[in-house]
Amino acid sequence: MRCSAVVLAAGKGSRMNSDKLKQYMELNGYPLLYYSLLAFEKSRVDEIVLVTGEGEEGYCRAKIIEKYQFHKVKKIVPGGGERYLSVYQGLLAVNDTDIVLIHDGARPFLDQKIIERTICAAEQFGSGVAAMPVKDTIKIADEDQFVLQTPDRSRLWMMQTPQTFSYSKIRAAYEKIVAKGQSVTDDAMAMELAFGEKVKLVEGSYRNIKVTTQEDWAIAEVFCQRRNSKKK
Ligand code: CTP
Ligand code: MG
């Protein structure tokens, strides 16, 4: 089966509160975005489409793709104002393929096993999205911050990426939600909204964090330091 990856890096990183966009900040000597591109370069994915901010295509090409020789990156396209619009642009740029993996460039710690698990599930069920059981109790509150409900924790999952699908299905789902102007916060939600389709959860990892705030950056540095000390 032909596999393509869409790697998202068109966000503004507003919660990081940094001068430089987080995707280009150096983590242990490499831009944050480098790590997920490297994971896909090493994987069985045939092609990578990188989605960046408008006007950042040249920077990415020179400072990341050419510098680190990511041969599988076939296209760099500008994203949109919201994550789901960036995903849509990425899906339009993908070459005809069977399976597509959609990944947040802000998640540097994905590994080959997670990539494989999502692809295998997508081959079998049409979808395979990385997720982990929540560790905290989650509450639903009203607008005044009074608790309304406590959902059963054993049924709650934190969604991660890669979120992997049959290409024709996820593309059709995004066509539909973009045409209707519905916004979604992850790709599984696009399948749910467009087709009411049951999406298959597969095991991600508690290391596969999304680097969102300064606290996450500090955690990411610790993960890198540990990996370095293991190598020595
Ligand atoms: N993303 C994107 N296009 C957007 C918004 C987000 O490609 N319009 C990407 C980000 O670059 C990131 C991923 O989607 O890899 C997950 O988003 P998030 O962690 O929210 O990153 P940002 O949107 O950049 O950060 P923030 O929400 O704090 O501004
Ligand atoms: Mg965001």
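Atoms within each ligand, like the ligands themselves, are counted from 1 in listed order. The structure displayed is predicted, hence computed values, not measured ones.
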Would [X] count as a polar contact of ligand 1, with the cut-off being nitrogen or oxygen pairs under 3.5 Å?
X: Gln23; result: no
X: Ser86; result: yes
X: Val51; result: no
X: Met16; result: no
X: Gly13; result: yes

For atom 10 (C) of ligand 1, find the nearest protein heavy atom and state the residue, atom name and distance (0.1 Å precision).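 Here the nearest protein heavy atom works out to Gly11 N, 3.7 Å.
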Quick test: of every protein heavy atom, which one is nearest to atom 19 (O) of ligand 1, and how far off is it to 0.1 Å? Lys210 NZ, 2.8 Å
What atoms of ligand 1 come closer than 4.0 angstrom to any heavy atom of [X]?
X: Lys12; result: 24 (O)
X: Ala9; result: 7 (O), 11 (O)
X: Gly81; result: 8 (N)
X: Glu82; result: 4 (C), 8 (N)
X: Lys22; result: 18 (P), 19 (O), 21 (O), 24 (O), 25 (O)

Check Arg83 with Asp104, please: is the shortest side-chain N to carboxylate O separation under 4.0 Å?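 A salt bridge links Asp104 with Arg83.
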Near Glu26 CD, under 6.0 Å, is it more than 12 heavy atoms from other residues, nucleotides or ligands?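 Enclosed.
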Are there over 12 heavy-atom neighbours, none belonging to Lys63, within less than 6.0 Å of that residue's NZ? no
When Thr212 is tested against each of Gln214, Lys210, Glu215 for side chain to side chain donor-acceptor pair (under 3.5 Å), which residue passes? Lys210
Is the closest heavy-atom distance from Arg107 to ligand 1 below 4.0 Å? no
Lys200 versus Ser127, side-chain donor and acceptor atoms under 3.5 Å: no
Do Met189 and Met191 touch side chain to side chain, with heavy atoms closer than 4.5 Å? no
Describe, in one word, how the ring planes of Tyr68 and Tyr34 are oriented to each other, choosing from parallel (under 30°), tilted (30 to 60°) and perpendicular (over 60°).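 Perpendicular.
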